[in-house]
Asks: 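I have a structure here, written as structure tokens, and I will follow up with some questions on it.
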Amino acid sequence: MPVARPEPLASRVIAHVDMDCFYVQVEQRKRPELKGVPTAVVQYNSWKGGALIAVSYEARKFGVQRSMRGDEAKKVCPDIQLVQVPVARGKADLNLYRDAGSEVVSLLATKGRCERASIDEVYLDLTGAAEQMLSATPPDTLEEIDEEALKSHVLGLPNDPCSQGEYVKQWLCRSDADHQDKLLACGVIIVAQLRMDVLKKTSFTCSAGIAHNKMLAKLASGMHKPAQQTVVPSSSVTELLASLPINKMKQLGGKLGSSLQRDLGVTTVGNLLDFTEEKLQEYYGRNTGTWLWNIARGISGDEVEGRLLPKSHGCGKTFPGQQALRTLTSVKPWLNGLCEELSERIQSDLEKNKRVAHTLILHAEGFKVCEVPTNRKFPSKSCPLRYGTAKIQEDAWKLFESGLREFLDLQSNEWGITSLTVSASKILPVPAVSLLI
DNA sequence: GCATTATGACGCT
DNA sequence: TAGCGTCAT
């Protein structure tokens with residue numbers, strides 16, 4: 001459940017930067033002949049042409065969607081180029097995209113606190129940079145404002161394509177704007193510069209949202225894609241949320257959003273305004289109730305965490321349908337391969353970032369053939385993580401065996417594993433002194 | 001049992 | 001804490 005946090009008293013400038021169809025762009029940089037061509041990145045391809053995990057905007061025009069298989073995509077877009085994710089040890093290897101994501105993070109982390117939200121998304125707290133710009137070189141004193149900033153979308157501004165740039169310029173330079181809007185205007189210029197810098201240094205385009213909090217910035221970054229940015233002045237929030245379908249709000253795309261619709265007839269975020277905080281708490285508990293009351297008003301106090309690296313590393317693979325692993329002998333090599341990859345990744349994290357992982361976790365999914373219907377899930381198991389591939393393999397195998405015993409519960413001797421994941425968590429920096437020893 | 005995979009973050013108990 | 005569930009892409 002989401003947790004309600006009060007909005008800080010001082011106005012912040014928060015940006016959410018989202019790479020456009022990132023995996024596709026990474027492949028297009030490697031193979032420039034694919035630029036401008038309908039393209040998708042697929043994982044594997046023997047079953048129905050592989051699963052699409054990223055789709056270029058040229059391909060989206062044909063109706064190609066991420067939920068499709070390669071074969072389906074070919075049907076609606078016969079000329080689509082399908083690029084396969086690299087495979088190592090029989091599983092998809094996403095390291096190429098992780099490394100590309102890190103390139104982007106290093107560039108975006110230069111103007112303020114930066115949070116890696118996923119492999120291709122970051123949040124930035126640009127409050128300090130915006131305040132500094134406002135006091136030293138406010139927009140209305142600039143001789144020239146970047147074209148990229150002038151192409152911004154300002155929510156609430158008249159939507160006249162002919163003179164849009166002119167309207168944006170006026171909005172950015174308004175001397176009668178309040179302090180909040182002036183800070184946002186500075187944020188718009190800073191983010192435009194950052195996006196230009198990312199494009200110049202990585203060749204990747206991205207989209208961005210600029211607002212007073214993370215929730216609104218995230219909402220805005222998705223409104224105009226690809227390669228565009230959108231700013232949310234406070235005066236536009238009520239109207240924006242009034243018509244926003246409830247399931248489009250972050251955290252409400254799942255069961256909570258559905259139950260709001262079912263229990264209270266709420267179809268838009270704005271509909272939440274019809275309910276008191278107490279009523280929302282009555283239905284969904286104190287925390288969630290207050291959180292809902294807040295988001296209806298565009299209030300979200302979540303801070304941008306200064307974190308450029310992931311908090312955990314996971315390696316997993318599914319074995320659907322006929323591929324299910326039905327013997328210990330068939331599980332072993334797969335688990336070993338996953339542990340090998342995990343070991344490499346935490347070793348690299350140690351060398352590059354001086355961080356140590358402390359916990360090894362094994363997750364699995366499976367089924368058992370049983371007279372009596374039973375639905376016990378395969379339990380997750382964890383233990384202290386010891387470095388070294390062989391040790392990780394040994395420990396993961398013990399975790400698997402103990403999980404399997406629990407799972408089977410003396411009820412069955414026929415079973416199948418449909419998914420295996422090993423992950424490393426509780427990753428902490430190595431104290432600087434201990435590096436000397 | 002089963003084909004939206006592979007990965008992440010985070011809250012609850 | 002260990003383990004589970006939810007949400008996102």
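Chain letters run A, B, ... following the sequence lines, proteins first, then strands; residues in each count from 1. All values below were derived from every heavy atom in this structure, side-chain atoms included, with hydrogens, water molecules and symmetry-related copies excluded. All values reported here derive from a predicted model rather than from experimental measurement.
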Asks: Just the rounded figure in Å: distance from P of B:dT5 to CG of A:Leu338.
Replies: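 One finds 15 Å between P of B:dT5 and CG of A:Leu338, rounded.
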Asks: Looking across every strand, which nucleic acid part, if any, lies under 4.0 Å from A:Lys368 by heavy atom: base, sugar-phosphate, or nothing?
Replies: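 Counting heavy atoms under 4.0 Å across all strands, no contact is made by A:Lys368.
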Asks: B:dA9, B:dT7, B:dT4: which one has an atom nearest the side-chain heavy atoms of A:Cys315?
Replies: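 My answer, after comparing the listed nucleotides, is B:dT7.
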Asks: Would one find more than 12 heavy atoms of other residues, nucleotides or ligands at under 6.0 Å from atom CZ of A:Arg286?
Replies: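 Check fails, neighbour count at 12 or below.
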Asks: Base, sugar-phosphate, or nothing: which does A:Ile119 touch, judged by heavy atoms less than 4.0 Å apart?
Replies: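 Counting heavy atoms under 4.0 Å across all strands, no contact is made by A:Ile119.
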Asks: Is any side-chain N or O of A:Arg116 closer than 4.0 Å to OP1 or OP2 of B:dA9?
Replies: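 No, no such contact exists.
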Asks: Please give, in whole Å, the distance from B:dG8 C1' to A:Asp349 CG?
Replies: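 Checked: the CG to C1' distance equals 14 Å.
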Asks: Is the shortest side-chain N/O distance from A:Arg345 to OP1 or OP2 of B:dG8 below 4.0 Å?
Replies: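 Checking B:dG8 against A:Arg345, a side-chain N or O does come within under 4.0 Å of OP1 or OP2.
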Asks: Taking only the side-chain heavy atoms of A:Pro320 (C-beta and beyond), determine which of B:dA3, B:dA6, B:dG8 contains the nearest atom.
Replies: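 For A:Pro320, the side-chain atoms sit closest to B:dA3.
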Asks: Nearest-Å distance, CG (A:Asp120) to P (B:dA6)?
Replies: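 My rounded result for the distance is 18 Å.
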Asks: Look at the side-chain N and O atoms of A:Arg5 and state whether any lies under 4.0 Å from the OP1 or OP2 oxygen of B:dG11.
Replies: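 Yes, such a contact exists.
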Asks: Which is true for A:Ile53 with a 4.0 Å heavy-atom rule: it touches a base, it touches only sugar-phosphate, or it touches nothing?
Replies: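 Touches a base.
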Asks: Round to a whole Å and report the spacing from CD of A:Gln65 to C1' of B:dT5.
Replies: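 It is 17 Å, rounded to the nearest whole Å.
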Asks: From the set B:dT7, B:dA9, B:dA6, return the single nucleotide nearest to any side-chain atom of A:Thr318.
Replies: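 Between B:dT7, B:dA9, B:dA6, the one nearest the side chain of A:Thr318 would be B:dA6.
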Asks: Is A:Leu252 touching bases, backbone alone, or none of the nucleic acid, heavy atoms closer than 4.0 Å?
Replies: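 Sugar-phosphate: the residue A:Leu252, judged by heavy atoms under 4.0 Å, touches backbone atoms but no base.
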Asks: Just so I know, are the side chains of A:Tyr23 and A:Thr39 near enough to count as touching, which here means a heavy-atom distance under 4.5 Å?
Replies: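 The answer is no, as the side chains (C-beta and beyond) never meet within the 4.5 Å cut-off.
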Asks: Can you tell me if the side-chain N/O atoms of A:Ser312 get under 4.0 Å from OP1 or OP2 in B:dT7?
Replies: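 Indeed not, no polar side-chain atom of A:Ser312 lies that close.
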Asks: Working to the nearest 0.5 Å, report the span between CD of A:Glu305 and CG of A:Asp125.
Replies: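 Between A:Glu305 CD and A:Asp125 CG, I get 11.0 Å after rounding to 0.5 Å.
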Asks: Starting from the 5' end of DNA chain B, give me the residue, A:Thr288 or A:Trp47, whose nearest nucleotide shows up first.
Replies: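 Here A:Trp47 is the residue nearer the 5' end.
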Asks: For A:Lys35, look at atom NZ and say whether over 12 heavy atoms of other residues, nucleotides or ligands are found less than 6.0 Å away.
Replies: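 More than 12 heavy atoms, drawn from other residues, nucleotides or ligands, come within 6.0 Å of this atom.
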Asks: Give A:Gly416 one of three labels, base, sugar-phosphate or nothing, depending on what nucleic acid heavy atoms sit under 4.0 Å from its own.
Replies: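 No contact.
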Asks: If you measure from the P atom in C:dG5 to the same atom in B:dC2, how many Å do you get, rounded?
Replies: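 Result for the P pair: 14 Å, nearest Å.
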Asks: Answer with base, sugar-phosphate or nothing: what part of the nucleic acid does A:Lys381 contact at a heavy-atom distance below 4.0 Å?
Replies: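 Sugar-phosphate: the residue A:Lys381, judged by heavy atoms under 4.0 Å, touches backbone atoms but no base.
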Asks: Tell me which of A:Tyr44 and A:Asn287 sits closer to the 5' end of DNA chain B, going by the nucleotide each one is nearest to.
Replies: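 Closest to the 5' end, via its nearest nucleotide, is A:Tyr44.
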Asks: Do the side chains of A:Arg31 and A:Glu27 get close enough for a salt bridge, i.e. N-O under 4.0 angstrom?
Replies: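 A:Glu27 and A:Arg31: not salt-bridged.
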Asks: Nearest of B:dT5, B:dG1, B:dA9 to any side-chain atom of A:Phe367?
Replies: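 Between B:dT5, B:dG1, B:dA9, the one nearest the side chain of A:Phe367 would be B:dG1.
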Asks: Give the rounded distance in Å between these two atoms: NE2 of A:His363 and P of B:dA9.
Replies: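 From A:His363 NE2 to B:dA9 P: 12 Å.
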Asks: Specify the separation, in whole Å, of atom CZ of A:Arg286 and atom P of B:dG11.
Replies: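 So the CZ-P distance, A:Arg286 to B:dG11, works out to 16 Å.
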Asks: Counting only heavy atoms not in A:Gln322, do more than 12 sit closer than 6.0 Å to its CD atom?
Replies: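 Counting other residues, nucleotides and ligands, CD of A:Gln322 stays at 12 neighbours or fewer.
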Asks: Examine B:dT7: is either OP1 or OP2 under 4.0 Å from a nitrogen or oxygen in the side chain of A:Arg98? Give yes or no.
Replies: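 For B:dT7, OP1/OP2 do have a side-chain N/O of A:Arg98 under 4.0 Å.
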Asks: May I ask you to say what A:Arg66 touches in the nucleic acid, namely base, sugar-phosphate or nothing, with a heavy-atom cut-off under 4.0 Å?
Replies: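 It contacts base atoms.
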Asks: Is the count of non-hydrogen atoms from other residues, nucleotides or ligands lying under 6.0 Å from A:Glu103 atom CD greater than 12?
Replies: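 Correct, the count exceeds 12.
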Asks: Chain A on DNA chain C: first and last contacting nucleotide, 5' to 3', under 4.0 Å to a heavy atom?
Replies: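 Span of nucleotides near chain A: C:dA2 to C:dT9.
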Asks: Got a sec: does the NZ of A:Lys75 have more than 12 other heavy atoms crowding it under 6.0 Å?
Replies: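 Incorrect, the count does not exceed 12.
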Asks: Within this structure, what is the CG-to-C1' distance between A:Leu408 and B:dG1, rounded to whole angstrom?
Replies: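 In whole Å, B:dG1 C1' and A:Leu408 CG are 14 Å from each other.
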Asks: Do any side-chain nitrogens or oxygens of A:Lys91 fall under 4.0 Å of OP1 or OP2 in B:dT7?
Replies: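 Yes, A:Lys91 has a side-chain N/O under 4.0 Å of OP1/OP2 on B:dT7.
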Asks: Using atom CZ of A:Phe319 as one end and atom P of B:dA3 as the other, report the distance to the nearest whole Å.
Replies: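 Rounded to whole Å, this separation is 13 Å.
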Asks: With a 4.0 Å cut-off, would you call A:Glu394 and A:Lys398 a salt bridge?
Replies: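 Result for this pair is yes, salt bridge flagged.
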Asks: With sugar-phosphate meaning primed atoms plus P, OP1 and OP2, does A:Gln323 contact a base, only sugar-phosphate, or nothing at under 4.0 Å between heavy atoms?
Replies: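 Base contact.
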Asks: So A:Gln251, base contact, sugar-phosphate only, or nothing? Heavy-atom distance under 4.0 Å.
Replies: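 Result for A:Gln251 = sugar-phosphate.
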